[in-house]
Engineer: 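Questions regarding the structure given below will be posed in turn.
Below, read A as the first sequence line, B as the second, and so on, with proteins coming before strands; counting in each chain starts at 1.
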2 protein chains.
Amino acid sequence: MIVLEGGLKQKPMVYRIQEFAALAGVTIRALHHYDRLGLLKPSGCSNAGYRLYRDCDLARLEQIVVLKFLGLPLKQIGRLLKRESPLADTLRRQQLVLAEKRQQLDAAIVAIAHAERSMQSGREPDWDAFKKIVREIEMQNNTEWGRKYYSAEAQAKLAELKKKQPWTPELQAQVTKDWTTLLADVEAALGEDPADPKAQALAARWRKLVDGFTGGDPEIQKGLNRMWADKANWPKGDAKRFQINPAVQEFIVKAMKASS
Amino acid sequence: MIVLEGGLKQKPMVYRIQEFAALAGVTIRALHHYDRLGLLKPSGCSNAGYRLYRDCDLARLEQIVVLKFLGLPLKQIGRLLKRESPLADTLRRQQLVLAEKRQQLDAAIVAIAHAERSMQSGREPDWDAFKKIVREIEMQNNTEWGRKYYSAEAQAKLAELKKKQPWTPELQAQVTKDWTTLLADVEAALGEDPADPKAQALAARWRKLVDGFTGGDPEIQKGLNRMWADKANWPKGDAKRFQINPAVQEFIVKAMKASS
DNA sequence: CTTGACCCTCACGTTGCGTCAGGTCCGATG
DNA sequence: CATCGGACCTGACGCAACGTGAGGGTCAAG
């Protein structure tokens, strides 16, 4: 049973937690949470330890609520409120994130609609058709995070390549295997002279694998180079899977130079 | 460094976990997880305790991936795969959920765009404007879950009412207070005769508060009745806030009848 | 002096895995 | 034959943003 404290103390206008929570449309527990995270410390405190909030706290809380509504994590909101990171940049990034999420959502909605149609006739839905949709979208996400490294031209060319050669998991497995064997072979040849025919053969295999992705296009190649140069900033999940021995990399670079 | 097992054993086509995970585009850890949840038990097991997967497992996993893509929680996916709940219904519900999420996303995207425009000129964004947007959407969500109880006509009338009388948190506080005091007063009068003038006065107050929400419209009233009749199925978070003493409810019903 | 509404601080539960840590198993090599 | 590197195993903790009690003070009214 909720009994609100109706007492209007006009002057300092302090609120106890329940009143304050109702005012902003959040729960008491959320306020506790924000307090412990340091996001919103109440500006006052009764001698019994009660949290006492004022109008200035309300303004801050409303900012928090808005930023949360935009999908920002609380840690970032904290940095924003402490002016440790610029609002404008954060919003721009978040806009991209949300746009991507929206695409996923739309795809899912379309997929469900498709499923319901295919189920009206037959009892079982068309699992195979979905598989393709899902793969399509997930592949798109994989490319999405690296998109910024490529010029508009390179992106268009990549899209064309993808049409001609769809990126199946079988192909993925094959390519992964090719790369790992090549990397192992190069590692075994680290002692050789980069100009040696053996090293040159390795460099040639390397070039062929890269061309398998770039299609031999120099624009795409430039984007790829930018991407690897920025390896430090990759999403951590992906960075691990593409760890590569620096010595190997250096060896190949030398071999490439020697052949040109 | 990843070294794939290239051995193609054509006949039974068993996969070890890494190979299988790559095939479906999920992580090994996810497979462990699904195994423990009972979502996908590998159909085989080597004598060393290695999980061994076959093509039938792949089909099941792909279904899991698709359903996960549609935003379904793993528990529900489990029930669906065990045929404990019907796929068609679940998909229909999920479609609504996704549509709602999409609205939120769109609102957030629009809000960010709005913010960037308002920041280009002035340094600070227009916090007040957002507050309204966010409240609008969150209020909408509050009404969304109860929408199913109202006829199309009632929904239209509710929308009109909301325009004439926007639902501010101040109003919310006032209404909450009115209800709680009324409930307390009724509880204190439980011993009285429902036909007594005192009880009738309480019933009148009750009617006035209800009319404050329905606008006196009988269509809306009917929807409200349906909603309370289905109280058991409310979202648990909300159900708790509207707990009401059954004796009080009974008393008011009797008083209403006595006055008619 | 006792309710009862309100407040406090732990502290565990949730969802879907990521990420070690510590140990086993297997094929290839010295 | 021993051993080394990969792949595999089973716990078990971590994360995000709170929800949900448990157990116990505070304060005004009766």
Engineer: So what does A:I17 hit on the nucleic acid, given a heavy-atom distance under 4.0 Å: a base, only sugar-phosphate, or nothing?
Structural biologist: sugar-phosphate
Engineer: Calculate the interatomic distance between B:L31 atom CG and C:dG18 atom P; express it in whole Å.
Structural biologist: 10 Å
Engineer: How close or far is atom C1' of C:dC26 from atom CZ of B:R51, stated in whole angstroms?
Structural biologist: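 From B:R51 CZ to C:dC26 C1': 18 Å.
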Engineer: Can you give one letter per nucleotide of nucleotides 19-24 of chain C, going 5' to 3': B for a protein heavy atom under 4.0 Å from the base, S for sugar-phosphate only, - for none?
Structural biologist: B-----
Engineer: Listed in order of residue number, which residues of residues 67-81 of chain A have a non-hydrogen atom at under 4.0 Å from DNA chain D?
Structural biologist: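 Contacts with DNA chain D under 4.0 Å: A:K68, A:P73, A:L74, A:K75.
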Engineer: Separation of B:Q18 atom CD from C:dC26 atom C1', in whole Å?
Structural biologist: 15 Å
Engineer: Give one of base, sugar-phosphate or nothing for A:S46, where a contact means two heavy atoms less than 4.0 Å apart.
Structural biologist: nothing
Engineer: Decide, yes or no, whether a salt bridge links A:R54 with A:D57 under the criterion of side-chain N to carboxylate O below 4.0 Å.
Structural biologist: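 Looking at A:R54 and A:D57, the cut-off is not met.
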Engineer: Give a yes or no on whether the backbone of A:L182 and the side-chain of A:W206 come within a donor-acceptor separation of less than 3.5 Å.
Structural biologist: no
Engineer: Mind calculating the distance between CD (B:E187) and C1' (C:dA5) to the nearest angstrom?
Structural biologist: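 So the two atoms are 13 Å apart, to the nearest Å.
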Engineer: Is a donor on one side and an acceptor on the other found under 3.5 Å between the side chain of A:W127 and the backbone of B:R60?
Structural biologist: no
Engineer: Between atom CD in B:E19 and atom C1' in D:dC8, what is the gap in whole Å?
Structural biologist: 14 Å
Engineer: Relative to the ring of A:F20, is the ring of A:Y53 parallel (under 30°), tilted (30 to 60°) or perpendicular (over 60°)?
Structural biologist: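 Geometry flag for A:F20 against A:Y53: parallel rings.
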Engineer: Check whether any side-chain nitrogen or oxygen of B:T27 sits under 4.0 Å from OP1 or OP2 of C:dG18, and answer yes or no.
Structural biologist: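 Yes.
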Engineer: Could you measure the distance from the CD atom of B:Q63 to the NZ atom of B:K68? Nearest 0.5 Å is fine.
Structural biologist: 15.0 Å
Engineer: Starting at atom CD1 of A:I28, determine the distance to atom P of D:dG19, rounded to an integer number of angstrom.
Structural biologist: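 To the nearest whole Å, that distance equals 11 Å.
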Engineer: Can you name the nearest heavy-atom pair linking A:I64 to A:L39, along with the distance?
Structural biologist: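 For A:I64 and A:L39, the tightest heavy-atom pair comes out as CD1-O, 4.0 Å.
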Engineer: Just the rounded figure in Å: distance from C1' of D:dA17 to CG of A:L40.
Structural biologist: 15 Å
Engineer: Looking at D:dC9, I'd like to know if its phosphate oxygens (OP1 or OP2) sit under 4.0 Å from a side-chain N or O belonging to B:R16.
Structural biologist: no
Engineer: Would you mind reporting whether B:F130 and B:I112 have side-chain heavy atoms less than 4.5 Å apart?
Structural biologist: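 Heavy-atom side-chain distance check fails, nothing below 4.5 Å.
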Engineer: So does A:D106 pair up with A:R102, basic N to acidic O under 4.0 Å?
Structural biologist: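 Between A:R102 and A:D106 there is a salt bridge, with a charged N closer than 4.0 Å to a carboxylate O.
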Engineer: Specify the closest pair of heavy atoms between A:L61 and A:A24, including all atoms of both residues, with the distance to one decimal.
Structural biologist: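 Taking A:L61 first and A:A24 second, the nearest heavy atoms are CD2-CB, 3.4 Å.
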Engineer: NA contact type, A:N47, heavy-atom cut-off 4.0 Å: base, sugar-phosphate, or nothing?
Structural biologist: sugar-phosphate
Engineer: Quick one: A:L52 CG to D:dC27 C1', roughly how many Å, whole number?
Structural biologist: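 Going from CG in A:L52 over to C1' in D:dC27 covers 14 Å.
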Engineer: Please determine if a side-chain N or O atom of A:H32 lies less than 4.0 Å away from the OP1 or OP2 oxygen of D:dC18.
Structural biologist: no
